[in-house]
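The structure appears right after this line, and notes come after that.
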Amino acid sequence: LAGLAGALYVHRTGFVSPGIFGLTLATNIVLWTLIGGRGTVVGPVIGTLVINFTSAALADVWLQYWVLATGVVFVAAAELVPEGLVPRLLRLVGRPVRRPADPMLSVRVDPPAVDGDRALLVADGIDKAFGSFVVLDGISISIERAELRCLIGPNGAGKSTLLDILCGQQGHQRGVISVFGEDVTGRRGWQFARCGVSRKFQAPHVIDSLSVAENLAIAAWGPRSAAWFLGRTDLSVGIGEGAAKILERTTLGDRCDVTAGALSHGEKQWLEIAMALAAPCRLLLLDEPTAGLTAAESLDAAALLRDLHAELALPIVIVEHDMSFIRAAADRVTVLARGELIADGTVADVEVATAGRTVDRGGGGGGTPPAGCARATAPPRST
Ligand code: ADP
Ligand code: MG
């Protein structure tokens, strides 16, 4: 609606000046919305009318004080009626603004994640540098089948950056990426997502002010075009089987109507994994899903992820530090240190190959560089 109003405004005035994109209008919009009331459509409209008619009426007398007066009104409104005038009035007459009903979740059955023998993900010769600081140096990695692969390495090794590149979240300088046989080099994050590559970030990225069901609905609706939503009134949504299984097997299932901000840290981690699985997902990338969990919770997480992997034949790549999680979960482990792959194989193979090197939790110090990997790098930041 705002976009449409903006487009019509241009035709009505026949002129657009940079001034209308300035700070004054931007702050006024916040003021109108704050005074009218967030969470309603009519509130901001009333706020806009009240403020603009008042400013027009007082313009003659008070022009030089108007900006000061709006500042005072802003602070007073934030203190006295933080929800805005319209919601406050509706509450006084006994008709509080209702939160929109939560979407109805149902289970959507997608085709199997993996069909045929073609490689699921191939990244070849990936180089990534921030300025002169080389983070990834010619990394080649491929996921050929529905395996559960752990990517490990000291803090600052480049694991999150590699995951970002494998889902289009960040660009890279050199190298080719293909998913499910299609060359996707240079494509954007949403295009990777529409190919079925889903990602969970290192710090949970859930929307705190929305309920669990709404977070899942937004994730499930993500691949839809905006036009699909116009005129849509029923709020039912099909979420992927993986997301439904997480709701069933964690405490989230009973908390669909709770706002995400009120969830525990572990529940937020599961919610974000469920969100990654809510849209059609054929390859799941998880960045430190057990960060902040206790040792027992971490082993439960390993078991649940293994179940999801087995039941849905879903390929999963997990960045992890916790060796007990890795032993419990991984089919195969790839070790990254200082931007290079230094070992790859089963957990036992990798433990032998890296014996004596620090590839586990680096304690923020970046670990001991393996022989042959010492290069000029900036000090690793804390993750
Ligand atoms: P990991 O996940 O293995 O701990 P990251 O991939 O987060 O490591 O980071 C690898 C290195 O790249 C770190 O030294 C980090 O400081 C650096 N880095 C990450 N993102 C940026 C950025 N946007 N700009 C500059 N340096 C970055
Ligand atoms: Mg990281």
Side-chain angles (χ1 to χ4, degrees), residues 121 123 125-141 143 148-175 177 186 188-189 192 197-206 265-266 268-269 272-273 276 283-293 298 301-302 305 316-323 325-326 329-330 332-344 347 350 353-354 357-370 372-383:
L121 172 83
I126 302 291
D127 285 350
K128 173 74 181 178
F130 294 106
S132 60
F133 172 36
V134 177
V135 177
L136 299 174
D137 189 8
I139 299 285
S140 295
I141 184 170
I143 311 290
L148 201 155
R149 173 86 65 100
C150 280
L151 183 62
I152 68 173
N155 284 340
K159 306 178 298 293
S160 296
T161 306
L162 180 58
L163 231 52
D164 276 352
I165 292 169
L166 296 182
C167 69
Q169 186 73 19
Q170 283 196 39
H172 58 285
Q173 278 87 21
R174 251 192 310 278
I177 304 175
R188 311 284 292 276
F192 276 75
V197 180
S198 290
R199 159 82 185 272
K200 180 217 171 294
F201 291 88
Q202 189 166 342
H205 272 51
V206 298
H265 176 74
K268 282 188 185 175
Q269 296 274 36
E272 195 180 351
I273 299 175
L283 171 65
L284 180 63
L285 310 177
L286 303 176
D287 200 349
E288 304 205 14
T290 67
L293 302 190
S298 171
L305 288 170
I316 310 182
V317 179
I318 307 180
V319 168
E320 242 324 320
H321 281 295
D322 178 353
M323 281 313 288
F325 173 94
I326 293 162
R332 185 170 163 187
V333 177
T334 300
V335 187
L336 188 67
R338 308 251 165 158
E340 292 176 8
L341 293 183
I342 59 163
D344 185 56
V347 181
V350 163
T354 57
R357 296 167 167 177
T358 310
V359 294
D360 198 358
R361 207 178 275 284
T368 309
C373 290
R375 338 197 329 268
T377 53
R381 75 175 172 178
S382 153
T383 51

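Each ligand, and each atom within it, is numbered from 1 in the order the structure gives.
Using a cut-off of 2.8 Å, one finds that Thr161 contributes no N/O/S atom close to the Mg ion (ligand 2). Among the atoms of Gln202, an N, O or S atom falls under 2.8 Å of the Mg ion (ligand 2).
Judged purely by atom type and a 3.5 angstrom limit, Lys128 uses its side chain to pair as donor or acceptor with the backbone of Gly171. With hydrogens and angles ignored, the 3.5 Å screen pairs a side-chain donor or acceptor of Glu272 with a backbone N or O of Phe201.
Set against the non-hydrogen atoms of Phe133, the atoms of ligand 1 under 4.0 Å away are 12 (O), 14 (O), 17 (C). Near Asn155, the atoms of ligand 1 lying under 4.0 angstrom from a non-hydrogen atom of the residue are 4 (O). Against a heavy-atom cut-off of under 4.0 Å, Val135 is close to the following atoms of ligand 1: 10 (C), 11 (C), 12 (O).
A donor atom on one side chain and an acceptor atom on the other are not found under 3.5 Å apart for Thr161 and Gln170. His321 and Asn155 share a donor-acceptor pair across their side chains, judged by distance under 3.5 Å alone. Donor-acceptor pairing under 3.5 Å is lacking for the side chains of Asp322 and Thr290.
Considering backbone and side-chain atoms together, Gln202 places no N or O closer than 3.5 Å to any N or O of ligand 1. For ligand 1, the polar-atom distance check finds an N/O of Thr161 within less than 3.5 Å of one of the ligand's N/O atoms.
In this structure, Gly158 has a heavy atom closer than 4.0 Å to ligand 1.
No option in Leu305, Leu151, Ile326, Ile152 other than Leu305 meets the side chain to side chain contact (heavy atoms under 4.5 Å, CB included) test with Ile318.
Annotation for Ala337 and Ala157: closest pair CA-CB, 4.0 Å, computed over non-hydrogen atoms.
Of the candidates Gly156, Ala157, Ser160, Gly153, Gly156 brings a heavy atom nearest to atom 11 (C) of ligand 1.
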